[in-house]
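In what follows, residues are counted from 1 in the order of the sequence shown. All heavy atoms count here, side chains included; hydrogens, waters and symmetry mates do not.
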Amino acid sequence: MQVYLVTGAAGFVGSHICEELLTNTNNIVIGIDNFYSGNKDTIDFLRKESDSFIFYELDIRQHDEISKVIQEHNVKYIFHEAAIASVQISVENPLFTNDVNIKGSLSVLEAARKNDVKRFIFASSAAVFGDEPTLPKNEKSITKPISPYGLEKLIIEQYMELYSEQYGLECIALRYFNVYGPRQDPHSEYSGVISIFDNRIKQDLPVKIYGDGEQYRDFIYVKDIVDINITLMHSHLKNKFSIFCAGSSVKTTINELVKILFEKYNKPIYFEEIRARDGDIRGSVADNKELNKYLKNYLFSDLVKSISSI
């Protein structure tokens, strides 16, 4: 029997990790969320999926309470997905996101250390690279955050490296690129572009395209992110602390994305052209060769097919 803790269990990636872990009847999954952005219906869904899912409504800054949960359930593996996952919010309110993304993450990391957790996987972000122009991005690429959010993720990576060296806690930072898929909230300006576009097209609302639409991103399906997390949780790694770029290594322009959505719905798509946003990164794509050493010929989801299933 394996006991896992997933922070951000009511959120997008966290809920998918919980769902996949619960397919194994030998697993017990402990979910934590404070519903800042997570969905209570998602927790109800997970409870119906399995009696092996246990949920606690907690904020990750509640260190003592989280430490008690880890101790009581003898948790050995933690997927830390909870965060204020918004560049824009971090720019507008850096004190708030610093408190959650740094203090909260350190709270979970320290609770893991105190209770002899074996391995800790952290949802980092390609935002740690900022606008440093060298592409594709790999684990040795220069980090140059241009937002508090990116800096917050990088600081926790550095804390994890220190905890691995100082305390022997096995830590993995996964630098997510542009994750998309079912249950991604389309109603926020800070959501993934695919969920936002898809939702607006369904309602015959105009799609906002900033600049010429030739900016490109590395889109990775949420089920692939889940497989990466779970595979690495039990892989034999050479070092106590590891970083991986979690992307598909395929670049897709915004214009190409709109064409895929047009083919999905086969109806007119209305556009609203907007001046390019200051600070927007022109291109972002991962070099996932290091990751693929552990994925054993893994086939990443096809963008066209996976979008059609959302």
Side-chain angles (χ1 to χ4, degrees), residues 1-35 37-58 60 66-83 85 105 108-109 111-112 115-124 160 169-176 179-185 220-237 242 244 246 291 294-296 298-301 306 309-310:
M1 182 182 69
Q2 305 285 10
V3 184
Y4 301 88
L5 184 140
V6 181
T7 69
F12 175 41
V13 177
S15 67
H16 281 281
I17 290 175
C18 291
E19 185 179 8
E20 181 60 28
L21 289 172
L22 290 168
T23 62
N24 185 333
T25 56
N26 291 321
N27 291 339
I28 293 176
V29 180
I30 315 297
I32 286 176
D33 207 296
N34 68 349
F35 299 116
S37 59
N39 192 323
K40 291 186 178 182
D41 290 340
T42 300
I43 297 302
D44 291 339
F45 163 75
L46 291 170
R47 281 174 167 152
K48 290 176 183 176
E49 284 288 289
S50 174
D51 293 334
S52 297
F53 179 70
I54 303 167
F55 179 73
Y56 292 89
E57 186 174 346
L58 290 171
I60 57 173
I66 289 176
S67 187
K68 183 179 178 181
V69 167
I70 293 171
Q71 182 183 50
E72 286 185 355
H73 294 281
N74 194 26
V75 171
K76 291 301 175 188
Y77 304 99
I78 294 179
F79 296 96
H80 179 36
E81 305 297 314
S105 294
V108 181
L109 189 62
N115 292 286
D116 298 319
V117 166
K118 178 174 175 56
R119 185 167 288 184
F120 183 99
I121 292 185
F122 171 57
S124 189
M160 290 165 65
L169 176 62
E170 296 176 14
C171 292
I172 299 171
L174 292 178
R175 291 174 175 170
Y176 293 175
V179 188
Y180 69 96
R183 295 203 292 270
Q184 189 171 35
D185 181 10
I220 181 166
Y221 193 47
V222 66
K223 299 295 185 183
D224 296 335
I225 285 290
V226 169
D227 289 343
I228 291 167
N229 270 275
I230 294 175
T231 297
L232 289 178
M233 184 60 88
H234 296 291
S235 293
H236 176 71
L237 303 178
S242 301
F244 294 96
L291 180 66
Y294 298 91
L295 296 182
K296 299 178 180 177
Y298 185 85
L299 293 177
F300 287 87
S301 301
S306 53
S309 68
I310 298 175

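Using modelled atom types and a 3.5 Å distance limit, the side chains of Y221 and D227 yield no donor-acceptor pair. In summary, the side chains of T42 and R183 do not present any donor paired with an acceptor at a separation below 3.5 Å, with no hydrogens or angles considered.
Checked against side-chain hydrogen bond (donor to acceptor under 3.5 Å, both in side chains), K76 has no partners two or more places apart in sequence or in another chain.
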TODO: Tell me, with the steps shown, if S235 and L232 meet side-chain contact (heavy atoms from CB on, under 4.5 Å).
DONE: CA-CA 5 Å; S235 293; L232 289 178; 4.2 Å; yes
Open item on the list: V75 vs N115, test: side-chain contact (heavy atoms from CB on, under 4.5 Å). Steps then yes/no.
Closed with: CA-CA 8 Å; V75 171; N115 292 286; over 6 Å; no
TODO: Carefully, step by step, assess S52 and L22 under the rule side-chain contact (heavy atoms from CB on, under 4.5 Å).
DONE: CA-CA 7 Å; S52 297; L22 290 168; 4.1 Å; yes
TODO: Show your reasoning for whether side-chain contact (heavy atoms from CB on, under 4.5 Å) applies to H234 and K118.
DONE: CA-CA 10 Å; H234 296 291; K118 178 174 175 56; over 6 Å; no
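No donor-acceptor pair under 3.5 Å is formed between the side chain of T231 and the backbone N or O of I228. In this structure, the side chain of T7 engages the main chain of E81 through a donor-acceptor pair within 3.5 Å.
Taking the six-membered ring for Trp and thresholds of 30 and 60 degrees, F120 and H80 have ring planes inclined between 30 and 60 degrees apart. In this pair, Y298 and F300 present their aromatic rings perpendicular. The plane angle is above 60°, beyond the 30 to 60° band.
Taken to the nearest 0.5 Å, the CG atom of N229 stands 12.0 Å off from the CZ atom of F122.
Using a 4.5 Å heavy-atom threshold, the side chains of V3 and N74 count as separate.
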